[in-house]
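The structure appears right after this line, and notes come after that.
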Amino acid sequence: RRCQSTSSPMKRLRATLAVAIVLVVGRADDAASRYFALLDLDQGGDVDEREFGKFVSHMLTLAGMTDVDLDETRRRVHGKTLRDLVTHSFLLADRDHDGRLTFDEAVEAQTDIQMMMGTFVAHNLPSSEF
C-alpha cells in the first residue's frame, strides 16, 4: 500500500534531495561554499559544535523528523543517541582538534555527515511509513 500523505517518506526524501541538488548545481567550489554557509550559522568563518548540531537538526527536519531533539534519548542508532552521533561526527570532521570546523574540514566531511543523518533517519522512521 502506498502512502499518499504529504508527509510520506518518499515526499520527504524528494524534498531533501531537492535541497541537495540546489547545493550541487553549478561549479563544485560554488556548491562547497553554499554547503559551508548552511553550516556556519553565525557567518563567523568556522563552525562550532553548536552550529553543527543546529545544522543536523534543520536537515533532519527537512527529512520529515519534525520532532527531533538533539538531547532526546529514546531514538538511537546502534545504542547511540543523536547527540552522540553529532559529537562523534563533529570530532571526526575536526581534523586539527581545535573545536571548530574550517571550510576545508567541513567540505571533506560532507559525505560522512550526510551518511550519519541518513542512518539516523532510516533507523528511526516507523516501519508503518514504508
Side-chain angles (χ1 to χ4, degrees):
R1 182 179 127 197
R2 296 181 78 191
C3 182
Q4 297 297 321
S5 75
T6 58
S7 65
S8 75
M10 192 54 108
K11 287 187 181 187
R12 288 195 308 258
L13 178 60
R14 285 186 188 124
T16 303
L17 288 174
V19 170
I21 288 168
V22 167
L23 289 173
V24 298
V25 169
R27 296 186 354 214
D29 57 338
D30 291 341
S33 294
R34 285 192 297 272
Y35 171 71
F36 189 73
L38 290 173
L39 285 168
D40 186 12
L41 299 176
D42 67 5
Q43 302 302 300
D46 55 23
V47 178
D48 61 23
E49 190 173 344
R50 179 194 58 79
E51 288 173 296
F52 183 74
K54 284 188 175 192
F55 169 79
V56 170
S57 291
H58 293 316
M59 293 307 289
L60 291 174
T61 299
L62 281 173
M65 297 187 76
T66 56
D67 62 340
V68 71
D69 177 357
L70 287 176
D71 295 316
E72 75 171 72
T73 58
R74 65 185 165 89
R75 292 189 275 205
R76 295 176 178 260
V77 175
H78 304 297
K80 297 196 180 298
T81 65
L82 180 57
R83 173 69 67 193
D84 295 336
L85 294 171
V86 166
T87 297
H88 179 75
S89 295
F90 183 84
L91 292 173
L92 287 176
D94 183 19
R95 301 206 192 280
D96 63 5
H97 308 290
D98 67 350
R100 304 188 98 38
L101 300 183
T102 63
F103 176 86
D104 290 337
E105 288 172 326
V107 171
E108 288 173 16
Q110 182 177 3
T111 301
D112 294 333
I113 293 165
Q114 291 169 343
M115 287 177 52
M116 177 269 297
M117 289 187 292
T119 300
F120 186 81
V121 170
H123 277 81
N124 288 285
L125 280 178
S127 59
S128 64
E129 291 196 37
F130 288 104

Locate the shortest heavy-atom distance separating [X] from [Y]; write the atom from each residue and the value.
X: Ala37; Y: Gln43; result: O-NE2, 3.4 Å
X: Glu105; Y: Ala93; result: CB-O, 3.4 Å
X: Phe36; Y: Gly45; result: CZ-O, 3.6 Å
X: Phe52; Y: Leu101; result: CD1-CD1, 4.1 Å

Report the distance from atom [atom1] of [X] to atom [atom2] of [Y], rounding to the nearest 0.5 Å.
X: Asp46; Y: Asp98; atom1: CG; atom2: CG; result: 7.5 Å
X: Lys54; Y: Leu39; atom1: NZ; atom2: CG; result: 13.5 Å
X: Arg76; Y: Leu85; atom1: CZ; atom2: CG; result: 10.0 Å
X: Arg74; Y: Leu82; atom1: CZ; atom2: CG; result: 11.5 Å

Do [X] and [Y] have side chains that get closer than 4.5 Å, going by heavy atoms?
X: Leu70; Y: Ser57; answer: yes
X: Phe90; Y: Ile113; answer: no
X: Asp84; Y: Thr81; answer: yes
X: Val56; Y: Met116; answer: yes
X: Glu51; Y: Asp42; answer: yes

- Message: Please determine whether a side-chain nitrogen of the Lys or Arg among Arg95 and Glu108 lies less than 4.0 Å from a carboxylate oxygen of the Asp or Glu.
- Response: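 So Arg95 pairs with Glu108 through a salt bridge.
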- Stepwise side chain to side chain contact (heavy atoms under 4.5 Å, CB included) check, Met117 with Phe55: CA-CA 11 Å; Met117 289 187 292; Phe55 169 79; 4.1 Å; yes
- Note on the structure: With Val47 as partner, the option from Leu38, Leu41, Asp40, Thr102 fulfilling side-chain contact (heavy atoms from CB on, under 4.5 Å) is Asp40
- Task: Identify, with sequence neighbours excluded, every residue that meets side-chain hydrogen bond (donor to acceptor under 3.5 Å, both in side chains) alongside Thr87.
- Result: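 Partners of Thr87 by the side-chain hydrogen bond (donor to acceptor under 3.5 Å, both in side chains) criterion, ordered by chain and then number, come out as Glu49.
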